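Quick notes on the structure that follows.
Whatever order the structure lists ligands and atoms in, that order sets their numbers, starting from 1. In this chain, numbering begins with 1 at the start of the sequence shown. Computed from a predicted model, the values in this text were never measured in an experiment.
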Amino acid sequence: MHYTLSNLIQINKKIKDKINELSISEYNPKVIAVSKTFTEEDIMPLIEYGHCEFGENKVQEAQKKWPILKEKNENLKLHMLGKLQTNKVKNALEIFDYLHSLDSLKLANKISKEMHKNSKKIKIFIQINLGGEKQKSGIEPSDLEEFYKHCLELKLDIIGTMCIPPENQDPKFFFKDLSQLNQKINLSEISMGMTNDYLDALEYRSTYLRIGTAIFGKRFK
Ligand SMILES: *Cc1c(COP(=O)(O)O)cnc(C)c1O
């Protein structure tokens with residue numbers, strides 16, 4: 001068995017055990033296999049096994065890797081996780097099914113325009129800057145309700161919120177905040193939890209775990 005597949009199987013088992021331990025019924029969070037910098041050789045074993053959710057953080061890299069794979073496997077869903085520049089929106093809509101990083105009005109306006117021009121659909125998470133970090137993207141928690149309203153006016157398909165907690169701090173604090181914000185605007189999906197903290201994210205009902213390193217190994221690029 002290829003190591004990416006045995007890694008994924010182990011992760012799925014850990015998630016199942018954790019959910020049993022928490023005794024939450026009818027809870028089926030999805031694992032997004034974050035394949036940025038990795039090639040088809042490492043991705044194929046997962047597709048053949050039946051895994052459907054994959055994530056990338058660059059439009060150009062996704063355009064090189066995914067069109068053929070998606071053509072051959074119509075159940076595949078591709079998630080854009082990284083910062084999206086407005087000049088790449090058109091290309092992003094062609095290849096991605098989900099965007100996890102809606103972080104500004106300018107981007108929201110552009111997506112709305114392109115979506116309606118090309119009748120493309122994309123499901124969207126609003127990225128929240130919970131740590132108040134200047135260098136990180138995202139909507140401020142206090143601006144969320146108004147931003148969300150604006151997105152609805154633009155007819156964007158907003159399904160949830162997303163966060164990347166600051167490094168070297170307890171992620172649980174941020175997961176709790178995000179799940180409360182998500183409830184406040186009544187959204188059903190939450191994108192949080194990565195290699196180092198995906199089991200913690202389950203305690204706060206994350207519905208999309210974004211896992212790269214634990215599946216594919218260390219990235220060298
Ligand atoms: C790369 C990336 C991940 C995956 O991170 P790992 O720590 O390797 O699991 C998750 N989310 C985003 C936004 C990323 O860019």
Side-chain angles (χ1 to χ4, degrees), residues 3-15 18 29-39 42-43 46 51-66 77-85 88-89 92 95-104 107 111 122-131 133-139 158-172 174-175 177-179 181-182 189-221:
Y3 68 88
T4 56
L5 181 54
S6 60
N7 287 342
L8 177 69
I9 289 171
Q10 270 179 42
I11 290 166
N12 285 339
K13 166 106 179 33
K14 282 188 196 165
I15 292 171
K18 179 80 182 188
K30 293 202 162 87
V31 171
I32 300 172
V34 184
S35 53
K36 61 191 185 198
T37 79
F38 291 95
T39 61
D42 298 317
I43 296 169
L46 306 182
H51 191 77
C52 289
E53 313 286 333
F54 291 86
E56 293 283 340
N57 71 336
K58 294 203 173 95
V59 176
Q60 240 180 333
E61 185 180 343
Q63 280 178 305
K64 280 191 201 139
K65 264 152 65 174
W66 287 95
K77 299 287 180 227
L78 198 59
H79 298 255
M80 172 59 175
L81 308 176
K83 183 151 184 82
L84 180 57
Q85 307 293 341
K88 302 235 170 86
V89 166
I95 185 88
F96 287 104
D97 304 283
Y98 293 78
L99 171 68
H100 290 241
S101 49
L102 176 59
D103 62 355
S104 72
L107 182 59
I111 292 170
I122 191 163
K123 295 192 164 93
I124 300 175
F125 292 83
I126 300 172
Q127 182 171 354
I128 316 284
N129 187 358
L130 288 176
E133 296 173 287
K134 289 217 173 62
Q135 74 282 11
K136 263 201 199 140
S137 321
I139 303 299
I158 306 288
I159 61 167
T161 52
M162 174 269 210
C163 76
I164 308 172
E167 275 169 51
N168 308 318
Q169 289 188 48
D170 186 354
K172 285 190 187 186
F174 300 95
F175 293 161
D177 268 8
L178 190 65
S179 84
L181 280 174
N182 213 57
E189 309 299 330
I190 310 186
S191 166
M192 61 187 187
M194 303 166 41
T195 288
N196 290 327
D197 53 23
Y198 68 93
L199 293 175
D200 293 330
L202 296 174
E203 292 179 28
Y204 299 93
R205 310 289 195 275
S206 172
T207 59
Y208 283 89
L209 309 166
R210 311 180 307 264
I211 305 179
T213 310
I215 297 173
F216 293 99
K218 204 166 153 51
R219 290 180 290 273
F220 293 100
K221 280 183 235 163

Go through Glu133 and Lys136 one step at a time and tell me if the salt bridge (charged side-chain N to carboxylate O under 4.0 Å, His left out) criterion holds.
-> CA-CA 5 Å; Glu133 296 173 287; Lys136 263 201 199 140; 3.0 Å; yes

List ligand 1's nitrogen or oxygen atoms that come under 3.5 Å of a protein nitrogen or oxygen, with the partner atom and distance.
{"residue": "ligand 1", "atom": "8 (O)", "partner": "Thr213", "partner atom": "N", "Å": "2.8"}
{"residue": "ligand 1", "atom": "8 (O)", "partner": "Thr213", "partner atom": "OG1", "Å": "2.5"}
{"residue": "ligand 1", "atom": "8 (O)", "partner": "Arg219", "partner atom": "NH1", "Å": "2.9"}
{"residue": "ligand 1", "atom": "8 (O)", "partner": "Arg219", "partner atom": "NH2", "Å": "3.1"}
{"residue": "ligand 1", "atom": "9 (O)", "partner": "Thr195", "partner atom": "N", "Å": "3.0"}
{"residue": "ligand 1", "atom": "9 (O)", "partner": "Thr195", "partner atom": "OG1", "Å": "2.5"}
{"residue": "ligand 1", "atom": "9 (O)", "partner": "Gly212", "partner atom": "N", "Å": "2.8"}
{"residue": "ligand 1", "atom": "11 (N)", "partner": "Arg210", "partner atom": "NE", "Å": "2.9"}
{"residue": "ligand 1", "atom": "15 (O)", "partner": "Lys36", "partner atom": "NZ", "Å": "2.7"}

Can you list the residues that meet the side-chain contact (heavy atoms from CB on, under 4.5 Å) rule with Glu167, with sequence neighbours excluded?
-> none

Can you find a side-chain donor-acceptor pair between Glu189 and Thr207 that sits under 3.5 Å?
-> yes

Will you find, in the side chains of Asp42 and Thr4, an N or O donor that is under 3.5 Å from an N or O acceptor?
-> no

Taking only residues two or more places apart in sequence or in another chain, which ones pass salt bridge (Lys or Arg N to Asp or Glu O under 4.0 Å) with Lys13?
->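 By the salt bridge (Lys or Arg N to Asp or Glu O under 4.0 Å) rule, Lys13 matches Asp17.
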
Salt bridge (Lys or Arg N to Asp or Glu O under 4.0 Å) with Asp103: which residues, sequence neighbours excluded?
->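 Listed in chain order: Lys83.
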
